[in-house]
Q: 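Take a look at this one; I'll ask things after.
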Amino acid sequence: MSTLAAQAISTRRLELLPLHVEHAEEMAAVLSDPALHTFIGGTPDTPQALRSRYQRMTAGSPDPAVSWLNWVIRFRDEACLMGTVQATVSPSGHGLIAEMAWMVGTPWQGRGIATEAARGLVDWLSRLPVHTVIAHIHPEHRASAAVATAAGLTSTGEWHEGEIRWHRSLKR
């Protein structure tokens, strides 16, 4: 498999921009609320730690069969970054599978931003040879479950490391 690359994705209100190390400082402020880690664990990264993490992420997966695709979310009307969306695309027995995730900073939550970004990402993935999209969501995280549902994923009821696996087949 050739390595895939994140490309800019536009939705009605948002621009999903490929992640760059230079986004770290602004994103550290966007993701600084400890409440964002309630369901995923950990603590917010400092700008320096996030810069190091973004350097590793933008360098790509050490496995040439796996593509790490990462975007920052920008709301056009506010011209600022407000979150992230990502997909790890890897081979499976039936073709490519994409595991997606999203995070929106606390001040921008409740405005449909995660839903719009997730839908935009699923739409973009559907144009690639990806046959399945999955997400893993904490069973008590109702907001993320709503985002997954709006993006066409359904709960499988299967557990993976304390989270529920959600799934969507992309019909060809």
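Predicted model only: the values in this text are computed from it and were never measured.
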Q: To the nearest 0.5 angstrom, please state how far the CG atom of Leu14 sits from the CG atom of Asp77.
A: 9.5 Å

Q: With Glu26, which residues qualify under salt bridge (charged side-chain N to carboxylate O under 4.0 Å, His left out), at least two apart?
A: none

Q: Restricting to pairs with a member in residues 147-161, which pass side-chain hydrogen bond (donor to acceptor under 3.5 Å, both in side chains), not counting sequence neighbours?
A: none

Q: Check salt bridge (charged side-chain N to carboxylate O under 4.0 Å, His left out) between Glu15 and all other residues, then give those that pass, not counting sequence neighbours.
A: Arg74, Arg76

Q: Any ring-ring contact (aromatic ring centres under 6.0 Å, His included) involving residues 30-51? Give me the pairs, sequence neighbours left out, ordered by first then second residue.
A: Phe39-His138, Phe39-His141

Q: As an exercise, state the distance from CD of Gln7 to CG of Leu128, rounded to the nearest 0.5 Å.
A: 8.0 Å

Q: As an exercise, state the distance from CG of Leu153 to OG of Ser169, rounded to the nearest 0.5 Å.
A: 9.5 Å

Q: Test Leu170 against Val122 for side-chain contact (heavy atoms from CB on, under 4.5 Å), laying out the working first.
A: CA-CA 9 Å; Leu170 299 177; Val122 169; 4.1 Å; yes

Q: Rounded to the nearest 0.5 Å, how far does CG of Leu16 lie from CD of Glu116?
A: 8.5 Å

Q: What are the two closest non-hydrogen atoms of Ser90 and Val66, and how far apart are they?
A: CB-CG2, 3.8 Å

Q: Could you pull out the closest heavy-atom pair between Ala98 and Leu125, with the gap in Å?
A: CB-CD1, 3.8 Å

Q: Could I get the full list of side-chain contact (heavy atoms from CB on, under 4.5 Å) partners for Thr46, not counting sequence neighbours?
A: Gln48, Ala49

Q: Take Ile137 and Ile164, measure what side-chain contact (heavy atoms from CB on, under 4.5 Å) needs, and give me the verdict at the end.
A: CA-CA 5 Å; Ile137 300 173; Ile164 303 289; 5.5 Å; no

Q: Per the ring-ring contact (aromatic ring centres under 6.0 Å, His included) rule, what does the pair list look like for residues 48-82, sequence neighbours excluded?
A: Trp71-Trp124

Q: How would you list, by chain and number, every residue that makes a side-chain contact (heavy atoms from CB on, under 4.5 Å) with Ala8, sequence neighbours excluded?
A: Pro18

Q: Check whether any side-chain heavy atom of Pro44 sits under 4.5 Å from a side-chain heavy atom of Leu31, and report yes or no.
A: no

Q: Sequence neighbours excluded, which residues qualify as side-chain contact (heavy atoms from CB on, under 4.5 Å) partners of Ala28?
A: Pro47, Leu50

Q: Going by the side-chain hydrogen bond (donor to acceptor under 3.5 Å, both in side chains) test, which pairs reach into residues 95-115, not counting sequence neighbours?
A: Asp33-Thr106, Glu78-Trp108, Glu78-Arg111, Glu99-His136, Trp102-Ser144

Q: Salt bridge or not between Arg119 and Asp123? Use side-chain N to carboxylate O under 4.0 Å.
A: no

Q: Hey, what do you get for OG1 (Thr84) to CE (Met57), rounding to the nearest 0.5 Å?
A: 7.0 Å

Q: Using salt bridge (charged side-chain N to carboxylate O under 4.0 Å, His left out) as the criterion, list what pairs up with Arg168, not counting sequence neighbours.
A: none

Q: How far does CG of Leu96 sit from NE2 of His131, to the nearest 0.5 angstrom?
A: 7.0 Å

Q: What residues join Ile134 in its hydrophobic cluster, counting side-chain heavy atom gaps under 4.5 Å, either direct or through other members?
A: Ile97

Q: Kindly indicate whether the side chain of His20, heavy atoms from C-beta on, has any atom under 4.5 Å from the side chain of Thr58.
A: no

Q: Got a sec, which residues hit salt bridge (charged side-chain N to carboxylate O under 4.0 Å, His left out) with Asp63, two or more places apart in sequence or on another chain?
A: none

Q: State whether the number of non-hydrogen atoms from other residues, nucleotides or ligands found under 6.0 Å of Glu25 atom CD is greater than 12.
A: no

